[in-house]
Every structure is written in structure tokens, then in C-alpha cells.
Amino acid sequence: MKIMCINCQNNKVNKHGGISSDGINNAKALAQYIIKNNYDLVGTQEMSVYFTDNLKKYLPNFNLPGKYRNDFPIINKIIPKLKEYKENNKIITKYKVIYERTIKLPWFPRKFKELKYSLKRKSLMRRIASSALLETEYGKIYMINTHLDYAIKDIQKKQLNKIYKHIYIVSKKYPIILTGDFNMEYNTDIFKEFIDKLNKINIRRIEINDKTNSLKHKNKTAIDHIFISNKFDIVNYGVIDDKDLVNMTDHKPIYVEVTNSSNN
């Protein structure tokens with residue numbers, strides 16, 4: 001089973017469907033890459049509504065569970081321009097979706113100082129985690145995909161805690177796959193604590209530590225991460241550096257290939 005995590009940057013081109021002035025179609029390129037490389041599960045971040053609609057045309061045999069984090073139908077009708085800012089963290093999968101849920105995460109600071117800072121950093125936005133129960137060749141698997149705050153540590157910690165509480169309950173019944181742009185390096189204190197808690201319930205982080213985020217952050221390591229239950233054995237993993245995906249994101253996608261553990 002092959003799993004990928006990719007931030008489909010909601011830039012000017014992708015916001016309008018992913019087709020640039022020179023005719024490059026980012027949505028089509030992503031769909032072709034998924035099919036060509038036989039990916040079973042893809043966790044995405046920052047996909048706009050028009051990029052998603054375009055992508056679906058090229059993935060007719062795939063399911064895309066997950067809702068939008070800013071979906072206000074009445075306001076969007078009054079101000080159609082706002083529809084461009086609708087983003088999702090959809091899961092792309094060829095598997096049957098038994099059940100899906102979009103989890104709302106804490107996102108609003110309690111302290112005025114933090115609120116002021118988040119406005120300055122433009123980080124004040126709703127955050128969600130998309131989840132789905134899937135029927136696979138390995139049995140039922142529960143996947144969660146998210147995109148967390150990048151400025152306020154207290155908000156990040158609350159978001160991680162909510163995700164962990166959800167995983168803790170669901171992991172009692174199903175193997176877990178967790179993907180996302182966590183906006184945290186693996187060696188930051190609050191993220192290390194999150195990793196340790198998941199390890200205790202037999203879910204491990206894939207050791208992808210090479211830089212994955214924007215080039216403007218020169219000294220950072222990976223902020224995009226994949227976690228899997230110990231039910232799976234790791235076959236291969238790493239950072240994807242593909243010319244066909246360069247135009248659609250300021251991140252480098254990551255992947256892991258797994259198989260069912262011989263101990264299960």
C-alpha cells in the first residue's frame with residue numbers, strides 16, 4: 001500500500017483551478033502522478049474548491065472524503081469571490097469509504113497577545129482534520145489527514161491533543177494512518193510529546209527528516225509527517241522530488257510504502 005502527503009499550495013493559480021497562463025494544469029499533473037505511481041492513499045492540504053473540482057475530473061475512480069474548513073453557503077452566494085478561499089484537507093483514495101468525518105480543531109487564541117500575533121502572522125483560520133474509515137486489502141483502516149496552525153504554540157498543542165484523543169479511541173478498533181502538514185519539526189517539544197504518546201499506542205512516525213517546506217525557511221527540517229500503526233511493515237519511504245509536482249506546491253511531498261506485518 002502506497003501513501004503520499006502533499007500540500008497543494010492555495011496560490012493564485014491553484015485557487016482558480018490549477019491551470020496556469022502557459023497551459024500547465026496542476027490538478028491534471030497531480031492526478032496523473034497518483035495514477036502512474038499507483039498511490040492508494042493521499043493526504044492533501046490547502047486544496048481549493050476549484051482545484052478539487054478540476055482534480056476530480058481526472059480521478060473518476062477515486063473517492064475524496066473530507067469537507068471544507070471555510071464553508072459558508074449563504075455568504076458565498078452573497079460574495080462569490082470568497083469561494084476561492086474555501087480549502088479542504090481531502091483524502092484521495094481508490095478504496096471504498098465506509099464512513100467519513102471532518103473534525104473541527106481549536107483555532108482561536110484565548111489571550112489578546114496571541115490573537116494580535118496570529119493576526120500579524122495571518123495564521124488565524126479555522127483548522128480541521130479529515131478522517132475516513134476505509135475498506136482495504138488489509139481490512140478496515142482509519143485514516144486522518146490534517147493541516148495545523150503555524151504561529152501559536154498553545155493552539156498547536158490544543159490541536160495535537162484533540163487529534164490524539166480521537167486517535168486513541170479509534171485505534172482500539174482499527175489500524176491508523178495519519179498524514180498532514182503539522183507546521184512543526186519532529187524535534188520541537190510539543191511535537192515530540194505527541195510522537196511519544198502515539199508510540200505508546202503502537203503508532204509510529206515515519207522517519208522522514210529532510211526539509212519539506214518552503215525554501216524561505218532555510219534552517220527547518222520536515223514539517224510534513226506520516227504516522228502508521230505498527231500493524232504495517234515499512235517497505236520504502238522518503239521525500240518526493242518530481243518536476244511534474246513542482247508548480248503546484250512550495251512543499252516537497254512525502255511518501256511511504258507499507259505492507260501487512262508478518263506478526264499480524
Side-chain angles (χ1 to χ4, degrees), residues 1-11 13-20 22-68 87-98 100 130-147 175 177-181 206 208 212 224-228 232-260:
M1 180 167 59
K2 293 184 73 175
I3 304 154
M4 178 167 68
C5 180
I6 179 170
N7 184 313
C8 304
Q9 184 187 17
N10 193 8
N11 55 29
V13 172
N14 290 344
K15 195 185 299 293
H16 296 95
I19 303 174
S20 63
D22 57 3
I24 294 174
N25 189 330
N26 289 337
K28 183 178 180 180
L30 177 58
Q32 290 177 335
Y33 185 85
I34 291 170
I35 294 169
K36 177 183 175 182
N37 292 279
N38 200 29
Y39 277 99
D40 302 290
L41 296 164
V42 181
T44 70
Q45 300 85 40
E46 292 193 33
M47 282 216 301
S48 71
V49 62
Y50 296 117
F51 187 93
T52 304
D53 289 345
N54 191 14
L55 181 68
K56 286 178 179 178
K57 293 189 295 186
Y58 302 103
L59 293 173
N61 299 319
F62 284 72
N63 297 307
L64 281 78
K67 295 181 180 179
Y68 291 83
E87 289 183 4
N88 62 61
N89 300 332
K90 283 188 179 291
I91 295 166
I92 302 172
T93 180
K94 61 178 70 170
Y95 294 128
K96 177 183 176 183
V97 179
I98 301 170
E100 64 175 281
S130 300
S131 65
L133 180 62
L134 308 167
E135 186 67 69
T136 79
E137 65 267 35
Y138 302 119
K140 293 182 177 65
I141 291 172
Y142 196 85
M143 180 168 176
I144 304 169
N145 176 58
T146 195
H147 187 188
I177 293 171
L178 170 63
T179 58
D181 175 356
I206 304 301
I208 300 171
T212 61
D224 305 278
H225 306 280
I226 300 174
F227 295 80
I228 61 169
F232 303 107
D233 285 335
I234 300 170
V235 177
N236 199 5
Y237 63 90
V239 175
I240 298 169
D241 196 356
D242 190 279
K243 61 181 177 60
D244 293 329
L245 302 180
V246 168
N247 293 314
M248 76 183 64
T249 178
D250 60 346
H251 286 233
K252 286 188 177 180
I254 59 175
Y255 78 97
V256 63
E257 185 175 359
V258 302
T259 187
N260 215 15

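Starting from 1, each residue takes its place in the sequence as its number.
Put simply, the side chain of T136 never gets that close to the backbone of K140: no donor and acceptor are under 3.5 Å apart. Put simply, the side chain of D233 never gets that close to the backbone of T259: no donor and acceptor are under 3.5 Å apart. Side-chain atoms of T93 come within 3.5 Å of backbone N or O of D40 as a donor-acceptor pair.
With contacts defined as side-chain heavy-atom distances shorter than 4.5 Å, the pair I92/L59 qualifies. Side-chain contact between E100 and L133 is absent, with no heavy atoms from C-beta onward closer than 4.5 Å. I208 has its side chain within reach of Y237: a pair of non-hydrogen atoms, C-beta onward, lies under 4.5 Å apart. Proximity of N7 to H147: side-chain heavy atoms (C-beta onward) are separated by under 4.5 Å at one or more points. Between F51 and E46, the closest side-chain pair of non-hydrogen atoms is not below 4.5 Å.
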Between H225 and I206, does the side chain to side chain contact (heavy atoms under 4.5 Å, CB included) criterion hold? Intermediate values first, please. CA-CA 7 Å; H225 306 280; I206 304 301; over 6 Å; no
I19 and I24: CA distance, side-chain angles, deciding distance, side chain to side chain contact (heavy atoms under 4.5 Å, CB included) verdict: CA-CA 6 Å; I19 303 174; I24 294 174; over 6 Å; no
Y95/L41 under side chain to side chain contact (heavy atoms under 4.5 Å, CB included): CA gap, chis, key distance, verdict: CA-CA 8 Å; Y95 294 128; L41 296 164; 3.9 Å; yes
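Side-chain contact annotation: D181 with Q45, donor-acceptor N/O pair under 3.5 Å absent. For the residue pair N236 / Y255, a side-chain donor-acceptor distance below 3.5 Å is found, with atom types taken as modelled. Side chain to side chain, T52 and N88 meet the donor-acceptor criterion of an N or O pair below 3.5 Å.
Other residues, nucleotides and ligands contribute over 12 non-hydrogen atoms within 6.0 Å of the NZ atom of K2. For Y58, the OH atom counts as densely surrounded, since its 6.0 Å shell holds more than 12 non-hydrogen atoms of other residues, nucleotides or ligands.
Atom OH of Y68 is separated from atom CD of E87 by 10.5 Å, given to the nearest 0.5 angstrom. The CD1 atom of I254 lies 10.5 Å from the CD1 atom of I3; values are rounded to the nearest 0.5 Å. Atom CG of L245 sits about 13.5 Å away from atom NE2 of H251, to the nearest 0.5 Å. Rounded to the nearest 0.5 Å, atoms CG (N89) and NZ (K67) are 14.0 Å apart. For the atom pair S48 OG and N10 CG, the distance stands at 5.0 Å (nearest 0.5 Å). With rounding to the nearest 0.5 angstrom, the CD1 atom of I91 is 8.0 Å from the CD1 atom of I144.
Among residues two or more places apart in sequence or in another chain, the salt bridge (Lys or Arg N to Asp or Glu O under 4.0 Å) test is passed with K90 by none. Among residues two or more places apart in sequence or in another chain, the salt bridge (Lys or Arg N to Asp or Glu O under 4.0 Å) test is passed with K56 by none.
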Under 3.5 Å donor-acceptor pairs involving side-chain atoms of residues 28-39, not counting sequence neighbours:
| unit_1 | atom_1 | unit_2 | atom_2 | d |
| --- | --- | --- | --- | --- |
| N37 | ND2 | Y33 | O | 2.9 |
| N38 | OD1 | K94 | NZ | 2.8 |

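Across every non-hydrogen atom of I98 and L134, the tightest pair is CD1-C, 4.1 Å. Taking every heavy atom of both residues into account, F232 and M1 meet most closely at CE2-CE, 3.8 Å. Here the closest heavy-atom approach between residue C5 and residue I226 is recorded as CB-CG1, 4.2 Å. N54 approaches G17 most closely through the heavy-atom pair ND2-O, 2.8 Å. Here the closest non-hydrogen pair linking G66 and S130 is CA-OG, 3.7 Å. N26 and M248 get closest at one heavy-atom pair: O-CE, 3.1 Å.
Each of N145, T44, D224 was compared with T179 under the side chain to side chain donor-acceptor pair (under 3.5 Å) criterion, and only N145 meets it.
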